[in-house]
Structures are given as structure tokens and as C-alpha cells.
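What follows is one structure encoded as C-alpha cells, with my remarks underneath.
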Amino acid sequence: MDEDGNTSIFNISYTNFFLVGFPRLQEWRPLLVLPFTFLYVTIISTNALVIHTVVAQRNLHQPMYVLIALLLAINICAATAVMPKMLEGFVHYANPISLRGCLSQMFFIYFTLLLDYNLLLAMALDRYMAICYPLRYIDLMTSHLLGVLAIFALTRSLGVAVPLVVLTARAQFCRTAVIQHFTCEYIALLRIACGDLTFNNRLGLAMRLVTVIFDLVLLGTSYTRIIYVALRISSRGARAKALHTCGSHLLVILTIYLSGLSTSIVFRVAKTVSQDVQNLLSAVYLLLPGVLNPLIYGMRTKEIRQHIEKMLCGKESPQEAGEKPKRLQNTRVERELPG
């Protein structure tokens with residue numbers, strides 16, 4: 001109570017919210033259920049197909065393909081953290097969610113996003129060893145090293161996701177119980193919080209910048225060295241294979257980081273952009289990797305593509321059958337460059 005006997009607004013903190021994504025599309029929302037359901041099923045099925053291919057084919061049990069399978073498994077988890085509640089919101093204009101449910105969803109969103117970043121770093125290290133040290137690749141890229149990379153990825157992801165969730169849980173939400181978003185993103189929750197949120201805003205921005213800058217520096221340094229070494233490989237086939245593999249990884253990196261940066265910039269700078277456009281950018285940022293990654297790795301990675309074609313068609317493709325005699329002539333460097 002204040003001095004006049006009135007209840008201060010800051011003593012009220014909502015614990016139940018309503019997600020309202022794409023508020024200006026109220027009449028069209030039921031029509032969005034079918035295409036977004038199809039999108040969700042596509043993400044699940046295409047990622048699962050590539051994962052199954054890697055698991056089922058013994059000759060794909062190599063670090064590069066294991067990392068690809070893990071990346072696609074995370075894509076499925078990330079989409080599952082977002083899509084069911086998003087689809088429910090298309091049916092109900094005001095989609096109810098509790099504070100605990102909101103925090104849980106936010107944790108899984110950022111945890112899986114950070115795992116995505118960390119796996120891209122691990123894949124860059126794998127390609128660096130395979131191309132720059134091909135004769136020692138098997139000795140360097142061991143299961144022990146993969147275990148260390150997995151622990152690093154989990155620790156780093158938790159180190160970013162947990163502080164964001166804890167800070168958000170300690171905030172008071174007194175402005176409104178309506179979240180103008182289809183999911184519980186950090187910035188969307190801060191917009192309905194009250195009090196001094198300077199530290200929360202700065203921490204969120206600092207974590208995003210430090211993570212992105214650190215990753216891009218490592219990725220840029222690694223792939224610059226990889227491309228330099230690849231261009232110096234004497235075997236034309238091995239050189240083309242190395243550059244082709246790097247091209248697939250760089251496409252994925254550009255997709256994830258550019259979409260994330262564009263979303264963050266629009267949220268913090270472009271105040272005139274409508275809420276629907278901001279939410280659409282978030283949807284692209286959260287769902288695009290799950291759509292593109294299996295296509296990029298499934299189509300551009302020859303070994304995976306050939307096994308998928310064989311599995312779906314029930315027989316070897318003519319290209320795969322014709323290339324068998326040529327494989328015996330490959331150099332050792334070429335054999336160490338899967339993809």
C-alpha cells in the first residue's frame with residue numbers, strides 16, 4: 001500500500017499469461033494451422049530421415065556424420081519447444097500459459113539454440129583436423145575428444161540459458177498478462193515486466209554479442225585456414241571435396257547466425273516495425289535451421305544423399321554404382337575427407 005492507501009502496481013505480478021502471436025491476423029489464424037502443422041511434420045520427418053540414415057549405415061559412424069546427426073536432433077527438439085504451443089495459439093486467440101511453463105519453454109529455446117552454436121564449433125574443429133591434418137585425423141578426432149566437446153557444449157549452453165531464466169523468474173510482470181508473441185522469448189517477457197530492467201537488458205545483449213562474436217571469430221579463423229589448406233591440396237578431387245564440404249557448413253552457419261542477428265537488431269532498434277513482422281522474424285530464426293539443415297546436409301553431403309536415395313528407391317543409384325571402381329583410386333587424403 002502507498003501513502004494514499006492505494007495498492008501499488010508494482011505489488012502485482014502476474015503468474016499466468018496469454019500468448020498472442022500475430023495479433024493483426026486474428027481472422028486468418030485458423031487458416032495458418034494447416035501450413036504450420038505441415039511445416040512441423042516436415043521438420044520432424046526430414047531431420048529424422050537423415051538421423052536414421054546416419055545411425056543405420058555403419059560407414060557413416062564417423063565424427064562428422066555423428067555431429068550432423070546431433071545437430072539435426074537438436075533441430076527436432078528446438079521445433080518441438082516452439083511449434084505445439086504456436087499451433088495451439090492459432091486455434092485460441094489468447095493462448096494461456098503459466099509462468100512456470102513460460103520459463104520452461106524459454107529455457108529449452110535458448111538451450112537448444114546454444115547447442116546449435118556449439119555443435120557448429122565442434123564441426124568446424126572436425127573439418128579443420130580432417131583437412132589440415134588428414135594423416136592424423138583418426139588419431140586426433142577420437143571418441144574421447146567428442147566426449148569433451150559434448151561436455152563443453154552442454155556446460156556453455158547451460159551457462160547462458162540458466163542465468164536468463166533465473167533473471168526472468170525474479171522479475172515482476174505488472175504491465176499486462178498478455179505476451180505479444182507466439183512463444184516465451186526473453187525480450188518478449190521483458191516488455192511486460194516492470195521496475196528497473198537495465199541489468200536484464202544489458203545482460204541479454206551482452207550474452208548474445210559475446211556468444212556471437214566469440215563463435216564468429218573462431219569459425220572465421222578456422223574456415224579461413226581450412227579454405228587456404230584446401231586450395232593447396234594437389235589432388236583435384238580431394239580439393240573439390242574439401243571445398244564442397246566447407247560450403248555446406250558455411251551455408252548452415254550463415255543461416256543460423258544471420259537470422260539470429262537480424263532478429264536481435266530489429267527487436268532492439270527498429271521500433272517502428274510491427275509486432276507481426278517481429279514475430280515472423282522470430283519464427284524464421286527459430287524454425288529455419290530445422291527446415292534447411294536436413295536439406296543442406298542431406299542433399300550436399302554425397303554419402304548421406306546416396307544412402308537416402310538407396311533407402312527410398314530400394315536400389316543403388318547409377319551414379320553410385322558407376323563410381324565404385326573409381327573409389328579404389330582415391331588418395332588417402334581424399335578418404336579422410338567425408339562429405
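Only a predicted model underlies this, so the values are computations on that prediction, with no experimental measurement involved. Just so you know, residue 1 is the first one in the sequence shown, and it goes up from there.
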Check your understanding: If you group Ile, Leu, Val, Met, Phe, Trp and Tyr by side-chain heavy-atom gaps below 4.5 Å, do Y137 and Y228 land in one group?
Key ->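 Yes, Y137 and Y228 fall within the same hydrophobic cluster.
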
Quick one: does any side-chain atom of [X] pair with a main-chain N or O of [Y] as donor and acceptor, under 3.5 Å?
X	Y	result
N47	G290	yes
T112	I74	no
T176	V178	yes
N75	I43	no
R305	M299	yes
Y223	L218	no
T142	L145	yes
Q105	C184	yes

Given side chains that start at C-beta, do those of [X] and [Y] come closer than 4.5 Å, heavy atoms only?
X	Y	answer
T183	K85	no
Y297	M64	no
L292	V252	no
I109	L286	yes

Working to the nearest 0.5 angstrom, can you tell me the gap between [X] [atom1] and [Y] [atom2]?
X	Y	atom1	atom2	answer
I51	I76	CD1	CD1	4.0 Å
D139	M129	CG	CE	11.0 Å
M86	T37	CE	OG1	10.0 Å
I226	L125	CD1	CG	9.0 Å
T301	I308	OG1	CD1	9.0 Å
I304	Q57	CD1	CD	10.5 Å

Check your understanding: So does H61 have more than 12 non-hydrogen atoms from other groups sitting under 6.0 Å from NE2?
Key ->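 Buried by this count: over 12 neighbours within 6.0 Å.
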
Exercise for review: Indicate the ring-plane relationship of F22 and F182, choosing parallel, tilted or perpendicular according to the 30° and 60° boundaries.
Suggested key: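 Parallel: the ring planes of F22 and F182 meet at under 30°.
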
Check your understanding: Would H307 and Y65 count as a close aromatic pair, with their ring centres under 6.0 Å?
Key -> no

Check your understanding: Does the ring center of Y257 lie less than 6.0 Å from the ring center of Y117?
Key ->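 When the ring centroids of Y257 and Y117 are compared, they turn out to be within the sub-6.0 Å range.
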
Exercise for review: Apply the side chain to side chain contact (heavy atoms under 4.5 Å, CB included) test between Y40 and each candidate in P84, P35, S45; give the one that qualifies.
Suggested key: P84

Review point. Of the options Y14, F17, F18, which is the one that meets F173 in a ring-ring contact (aromatic ring centres under 6.0 Å, His included)?
Key: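 Of Y14, F17, F18, ring-ring contact (aromatic ring centres under 6.0 Å, His included) with F173 is met by F17 alone.
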
**Study point:** Where I256 and P289 come nearest, the two heavy atoms and their spacing
**Key:** CG1-CG, 3.9 Å

Review point. Could you go step by step and tell me if D215 and L120 meet the side-chain contact (heavy atoms from CB on, under 4.5 Å) rule?
Key: CA-CA 9 Å; D215 289 2; L120 290 177; over 6 Å; no

Practice item. Report the C-alpha separation of R127 and H249 in whole Å, then their side-chain angles, then the decisive distance to 0.1 Å, and conclude whether the side-chain contact (heavy atoms from CB on, under 4.5 Å) test is met. Key: CA-CA 9 Å; R127 291 301 84 204; H249 293 308; 3.5 Å; yes

